[in-house]
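Everything numeric here is computed off the predicted structure, so don't read it as measured data. Basis for what follows: all heavy atoms, side chains included, without hydrogens, waters or symmetry-related copies. So that the names make sense, note that chain A is the first sequence line, chain B the second, and so on, each numbered from 1.
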Amino acid sequence: MSAPLIEMRGITKSFGAVKANEAVDLSVAPGEILGLLGENGAGKTTLMNVLFGAYAPDAGDILVEGKPVAIRNSADALAAGIGMVHQHFHLAPRLTVLENLLIGIPGKSGRIDRAGGLARLAEIGRQHGLSLDPNLPVSALSVGEQQRLEIMKALFRGAKLLILDEPTAVLAPSEVDGLFAALRSMAGQGLGIIFISHKLNEVRALTHRCVVLRHGKVAGRVDDPANTTSAAMAELMCGHEIVPPTKAASAPGASVLTLDRISTAGHAGTPLRDVSLFVRSGEILGIAGVSGNGQRALADVISGMLPPRAGTMTITGKTVTQFAPRELQALGLGRIPEDRMTTGLVTNLPLADSMVLPRIGTKAFSRKGLLNPAAIRAFAEEQIKAYDIRCPGPMVRAGALSGGNLQKALLARELAFDPKVLIVSQPTRGLDIGAARFIHEKFLAMRAKGCGIIVIGEDLEELLMLSDRIAVMYEGRIAGTLSGAEATVAKLGLMMTGAGHTEKAA
Amino acid sequence: MTAVFEQIFQVGFLAAIIRIATPLAFATLGEMFSERAGVLNLGIEGIILLSAMTGFTAASLSGSLWLGVLVAVLTGMLMGAVHALFTVALGLSQHVCGIGVTLFSSGLAYFLYRLIFGQQSVPPSIKGFKPVAIPLLSDIPILGPAVFSQFTLVYLAIIAVPLAAFVLYRTPWGLSVRMVGENPRAADSAGVSVIATRFQAVILGGALMGLAGAFLTMAQFNAFTFGVVSGRGWVAIALVVFGRWDPWRSAGAALLFAFVDALQLRMQASGLGHIPYEAFLMLPFIFTIVAMAFMSRNAVAPSALLKPFRREER
Ligand SMILES: Nc1ncnc2c1ncn2[C@@H]1O[C@H](COP(=O)(O)OP(=O)(O)O)[C@@H](O)[C@H]1O
Ligand SMILES: [Mg+2]
């Protein structure tokens with residue numbers, strides 16, 4: 001193997017009392033795709049931010065092509081040939097593609113060098129097969145296109161090493177294939193790539209070698225990911241064995257939630273068109289589909305946030321079509337929204353407050369119109385213990401929690417009141433295997449207790465593992481429904497693109 | 001009524017609009033640069049006042065008007081730097097610091113003025129700038145005498161608008177300004193210094209505010225009084241929103257405001273004397289409020305306006 005393109009030696013970085021990285025060594029060779037694995041909070045992003053110059057390390061050295069370099073800011077990193085695609089994109093939505101590419105590039109005789117930029121763009125298109133309309137504002141791009149722009153930005157600056165921080169977390173399965181093809185071609189041309197993910201099947205399919213972080217330290221290295229089992233890698237990540245949850249045979253009862261020819265209008269995103277579905281007690285119904293095909297509207301209708309324009313909805317036989325969220329909750333509907341940070345919790349308030357928010361006016365938490373802080377606190381403390389939510393205490397600002405712990409808090413809040421119907425969107429997006437497994441187990445336990453659960457998701461393997469039936473949404477309609485036994489990734493994938501239409505009602 | 005109209009729509013009226021618009025245009029462009037970089041500068045009212053005072057003082061003591069302009073500009077830049085120090089380098093609240101800068105600058109202006117000129121029954125005045133007619137152009141009927149027989153500072157304001165648009169939209173620095181105002185993290189990860197860019201934009205904004213002050217005391221009134229700015233800074237802040245953070249539209253907003261202001265001045269002077277003059281004085285401000293109510297609905301502020309940037313924070 002040739003000399004390493006990049007080498008990090010003994011990198012240590014603390015945030016206050018938290019040691020985010022401790023004596024981490026890592027290297028990437030030209031043409032190599034290195035996987036960087038680890039649970040949420042293991043320190044992957046921090047390590048890459050150190051390499052990219054966004055964070056100053058407390059100790060350690062960085063070598064580029066064998067020579068030590070001082071990387072004090074991103075300009076230094078870019079000059080050293082290091083480019084990074086952040087988990088949350090670093091783009092200005094109101095500026096155009098070309099402007100986002102040209103930011104920080106010196107101009108020509110005092111002006112922005114548009115012509116030079118366009119020429120370079122065309123070159124990247126030829127070399128790596130990546131292209132975008134340069135005059136489109138970034139806000140008009142899909143998430144996948146924005147990611148492509150971020151990759152192009154790095155290439156534009158002549159990156160020899162490309163860091164991608166959880167690039168697949170925001171992509172639909174079909175887009176992931178396109179990304180992987182592009183990354184393989186770039187590696188084939190000699191670029192080094194660091195690929196962060198905690199989806200082990202992706203890591204096994206793409207990377208040549210892996211470094212696993214746990215609690216900021218290197219927990220292990222995998223030299224042949226393709227021939228290493230996911231279980232073995234998961235164990236390295238978590239420090240203990242991960243057993244798949246056991247799913248009892250399905251024994252569905254009566255329908256708890258029914259939607260009959262529901263249509264919506266006036267909603268941000270795709271409206272629903274004639275959607276009929278039901279979920280029975282003790283059953284998990286998966287809703288598959290490329291995001292943006294009406295899933296948001298579906299979740300909002302069921303939780304009472306979006307009154308449908310036509311059709312009826314019933315919960316345990318009672319018509320609830322025009323009910324407000326609070327009334328639905330009183331009837332036993334639980335909801336875990338897609339966006340934990342904006343719809344789920346109030347990030348600037350104490351965690352305890354967010355945990356009782358949907359039921360803040362009920363007797364359990366208020367007396368004679370006044371809040372009962374002791375009860376709220378006691379409830380939060382109890383749930384924190386029961387769900388092992390890692391946080392300094394119930395009064396901590398909710399926004400300070402990591403994604404996995406936030407999701408546990410939301411789950412605790414809904415499950416504490418034994419919902420009859422639960423609707424969840426993207427329940428484990430961004431969570432590591434340990435946290436995801438925990439959530440799955442809770443869902444299966446609720447199913448055993450007779451709750452009817454609707455899981456909206458893009459992760460087909462998760463849906464296949466959890467669901468008794470899977471409905472596929474396409475352009476605001478139910479494109480078809482498969483039983484858990486007959487569904488496969490291939491079949492679902494086909495239905496999600498609008499092809500392979502099944503004429504069976506849900 | 002026709003007499004009133006005749007009195008209103010004449011060369012003098014057009015010239016008055018241009019004169020009223022000039023300091024507003026400088027101030028609005030200055031505030032716009034600052035806000036495009038993500039920094040609201042509520043210090044504008046005080047900065048204009050202090051520069052008006054220092055510029056006037058320098059001109060009156062040295063006898064050189066251009067030295068006065070230079071001093072006013074430098075004052076604006078200095079106060080811009082002070083505001084940037086608090087809001088950009090230290091990341092403190094832009095509202096609080098801006099109001100602080102206004103209060104401090106105003107107090108300092110009054111204090112220094114008293115210190116230098118003492119208490120006089122008639123405020124000292126200077127011989128201000130004389131209008132300069134531009135050959136040929138000033139011979140165009142109506143437009144010539146109204147627009148091309150003005151103070152040099154007016155011409156400067158007219159040039160400043162396309163120049164500002166060029167800088168903002170066509171130069172790498174202007175792109176950096178827009179980027180740090182939209183998504184500072186994006187600028188930072190592209191190797192652009194957010195802190196430096198914001199400092200530069202706020203200081204450039206201060207320089208333009210300084211020009212507004214210089215115009216007031218060296219071209220328009222030729223004297224310094226405590227009410228010389230009388231809310232023009234605050235109006236500029238509204239005009240930036242009205243002009244949707246764009247140099248051309250901002251200048252257009254300044255012209256429109258100046259039109260209403262000139263109109264109310266004429267109406268005061270015309271035969272409508274039985275209405276108290278304060279009623280006319282309100283007109284431009286009522287106009288601003290109404291215009292804002294209609295126009296600012298689809299105006300979108302720079303996303304990172306008011307948000308300090310700290311690199312290691314998430
Ligand atoms: N900017 C920051 N300020 C304070 N703590 C941070 C910051 N960034 C990360 N951390 C902490 O450092 C640890 C590692 O986080 P991170 O690198 O984001 O992990 P990963 O990317 O592997 O999920 C976590 O405990 C996290 O809370
Ligand atoms: Mg991360």
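Listed in order of number, the residues of residues 88-95 of chain B that approach chain A to under 4.5 Å between heavy atoms amount to none.
In the displayed structure, B:Arg244 atom CZ is contacted under 6.0 Å by more than 12 heavy atoms of other residues, nucleotides or ligands. Shown here is B:Phe86, whose CZ atom has no more than 12 heavy atoms of other residues, nucleotides or ligands within 6.0 Å. Within 6.0 Å of NE2 in A:His128 there are more than 12 heavy atoms belonging to other residues, nucleotides or ligands.
Between B:Gly191 and A:Leu78, the shortest heavy-atom contact is N-CD1, 3.8 Å. Minimum heavy-atom separation, A:Arg94 to B:Ser303: NH2-OG, 3.2 Å. A:Ala92 and B:Glu182 make their closest contact through CB-CB, 3.6 Å (heavy atoms, listed as atom of the first residue, atom of the second, distance).
Within the model, atoms CZ of B:Arg170 and CZ of A:Arg114 stand 8.0 Å from one another, a figure rounded to the nearest 0.5 Å.
Contact of A:Phe15 with chain B is made through the side chain alone, with heavy-atom distances under 4.5 Å. At a 4.5 Å heavy-atom cutoff, the contact between A:Arg157 and chain B is made by side-chain atoms alone. If you measure heavy-atom distances from B:Pro302 to chain A, the contacts under 4.5 Å come from the backbone alone. Both the backbone and the side chain of B:Val300 come within less than 4.5 Å of a heavy atom of chain A. Within the 4.5 angstrom heavy-atom criterion, only backbone atoms of B:Tyr169 (N, CA, C, O) approach chain A. Both the backbone and the side chain of A:Asn100 come within contact range of chain B, judged by heavy atoms closer than 4.5 Å. Of the atoms belonging to A:His86, it is side-chain heavy atoms, and not backbone ones, that fall under 4.5 Å from chain B.
Contact count versus chain B (heavy atoms, under 4.5 Å) is highest, among A:Pro106, A:Gly104, A:Gly107, A:Ala54, for A:Ala54. Most heavy-atom pairs under 4.5 Å with chain B, from the set A:Gly83, A:Ala75, A:Ser74: that is A:Ser74.
Here the rule is side chain to side chain contact (heavy atoms under 4.5 Å, CB included) with B:Leu175, and of A:Ile103, A:Ile105, A:Leu98 only A:Ile103 fits it.
The shortest side-chain heavy-atom distance between A:Met84 and B:Ser189 does not fall under the 4.5 Å cut-off. In this structure the side chain of B:Arg178 reaches within 4.5 angstrom of the side chain of A:Glu99, judged on heavy atoms.
Here the side chain of B:Asn183 pairs a donor or acceptor atom with the backbone of A:Leu91 at under 3.5 angstrom.
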